[in-house]
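In what follows, a structure is listed as structure tokens, so that the remarks can point back to it.
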Amino acid sequence: EAGVAQSPRYKIIEKRQSVAFWCNPISGHATLYWYQQILGQGPKLLIQFQNNGVVDDSQLPKDRFSAERLKGVDSTLKIQPAKLEDSAVYLCASSLELRTEAFFGQGTRLTVV
Amino acid sequence: KQEVTQIPAALSVPEGENLVLNCSFTDSAIYNLQWFRQDPGKGLTSLLLIQSSQREQTSGRLNASLDKSSGRSTLYIAASQPGDSATYLCAAPGGGADGLTFGKGTHLIIQP
């Protein structure tokens with residue numbers, strides 16, 4: 001069974017530029033999450049989708065971050081404009097349904113300079 | 001709001017020892033708890049998922065326990081090996097949403 005796929009693996013951008021990350025969840029998984037992991041910290045939930053609807057985006061900085069999950073499969077997370085403090089690993093996870101085991105991708109390491 | 005704390009933050013032990021990693025959480029109204037492993041520069045690998053109705057879950061040399069009433073979970077690693085060196089993260093749902101709240105992790109080093 002293929003795991004959660006994320007791209008790119010690494011990205012370096014200058015502050016005030018925009019960037020987008022892509023995630024393809026495990027086939028058949030209805031729930032998709034985006035997490036932000038700052039160095040030395042545990043991951044923090046940014047947004048959760050159930051199929052193509054948003055379940056929780058309470059911790060998403062909506063002035064600069066946006067996410068979508070078209071057709072309830074792939075998802076993209078965008079940052080515009082990026083700030084230095086956005087430097088982190090962005091992790092995508094999926095689960096079969098709500099309240100089931102979550103599986104994570106390899107993450108995208110973003111460096112904002 | 002769920003808060004998760006992991007103790008110790010770091011641990012270094014010689015190969016072969018049995019060890020215990022601790023996790024505490026503030027909101028005991030959880031339906032499950034998950035333990036993950038993270039290798040440097042990698043994503044998270046799910047190790048064990050304990051349902052709220054269970055007290056223990058085992059996978060190979062790993063055993064996780066859950067005590068909802070006290071807000072605690074432990075991860076027991078038997079006969080540790082150098083390949084077990086990684087950061088171990090505990091995560092629990094809470095705050096009314098399904099998303100996981102993570103601790104900061106325990107950085108484990110097993111000395112050959």
Side-chain angles (χ1 to χ4, degrees), chain A residues 1-7 9-10 21 23-26 29-51 53-60 67 88-111, chain B residues 1-7 9-10 21-27 29-54 57 59 64 66 73 75 86-107:
Chain A
E1 178 182 83
V4 177
Q6 290 189 247
S7 67
R9 286 296 313 277
Y10 307 92
F21 312 127
C23 172
N24 180 240
I26 294 173
H29 280 200
T31 312
L32 185 147
Y33 313 81
W34 283 101
Y35 288 83
Q36 179 193 58
Q37 186 176 25
I38 292 173
L39 188 64
Q41 304 288 319
K44 182 185 83 171
L45 179 69
L46 292 175
I47 189 167
Q48 177 187 346
F49 293 92
Q50 180 66 11
N51 296 308
V54 175
V55 174
D56 181 7
D57 63 356
S58 58
Q59 300 189 89
L60 186 73
V89 176
Y90 290 85
L91 295 160
C92 180
S94 69
S95 60
L96 187 61
E97 272 297 344
L98 293 174
R99 300 191 169 194
T100 59
E101 188 173 6
F103 297 90
F104 282 74
Q106 292 290 300
T108 296
R109 181 177 298 277
L110 173 67
T111 302
Chain B
K1 177 186 174 185
Q2 181 71 275
E3 293 181 7
V4 177
T5 303
Q6 291 189 246
I7 294 173
L21 309 183
N22 296 293
C23 171
S24 62
F25 47 92
T26 55
D27 183 354
I30 60 172
Y31 43 84
N32 61 35
L33 182 140
Q34 205 163 346
W35 281 93
F36 295 87
R37 167 184 174 141
Q38 186 171 34
D39 293 284
K42 304 287 187 181
L44 277 63
T45 300
S46 179
L47 296 174
L48 290 164
L49 174 75
I50 314 177
Q51 301 292 350
S52 60
S53 57
Q54 298 174 310
Q57 188 70 259
S59 175
L66 176 62
S73 176
L75 179 67
T87 297
Y88 290 81
L89 293 157
C90 168
D98 180 61
L100 296 173
T101 298
F102 284 81
K104 291 184 178 181
T106 294
H107 181 55

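Within every chain, numbering begins at 1; the chains are lettered A, B, ... in the order of the sequence lines, protein sequences first and strands thereafter.
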| Of the non-hydrogen atoms in A:E101 and B:S46, which two are nearest, and what is the gap between them? | OE2-OG, 2.5 Å
| task | Would you mind checking which part of B:L44 comes under 4.5 Å of any heavy atom in chain A, side chain (CB onward), backbone (N, CA, C, O), both or neither? | result | both
| query | For A:D57, what residues pass the side-chain hydrogen bond (donor to acceptor under 3.5 Å, both in side chains) criterion, not counting sequence neighbours? | reply | none
| task | Against chain B, work out which of A:Q59, A:K44, A:Q41, A:R9 has the most heavy-atom pairs shorter than 4.5 Å and name it. | result | A:Q41
| task | Taking side-chain contact (heavy atoms from CB on, under 4.5 Å) as the test, write out the residues that go with A:A102, two or more places apart. | result | A:F104, B:Q34, B:L100
| Atom pair CZ/OG1 of A:F103 and B:T45 - distance to nearest 0.5 Å | 10.5 Å
| Is it the side chain or the backbone of A:R99 that comes within 4.5 Å of chain B heavy atoms, both, or neither? | both
| field | CG on A:L91 to CD on B:Q38, rounded to 0.5 Å | value | 6.5 Å
| message | If I measure from the heavy atoms of chain B, does A:Q37 come under 4.5 Å with its side chain, its backbone, both, or neither? | response | side chain
| Just wondering, more than 12 heavy atoms not from B:I7 lying within 6.0 Å of its CD1? | no
| How close do B:G99 and A:L45 get, heavy atom to heavy atom, and via which atoms? | CA-CD2, 3.7 Å
| remark: Applying a strict 4.5 Å limit to non-hydrogen atoms, the region of A:T31 in contact with chain B is side chain
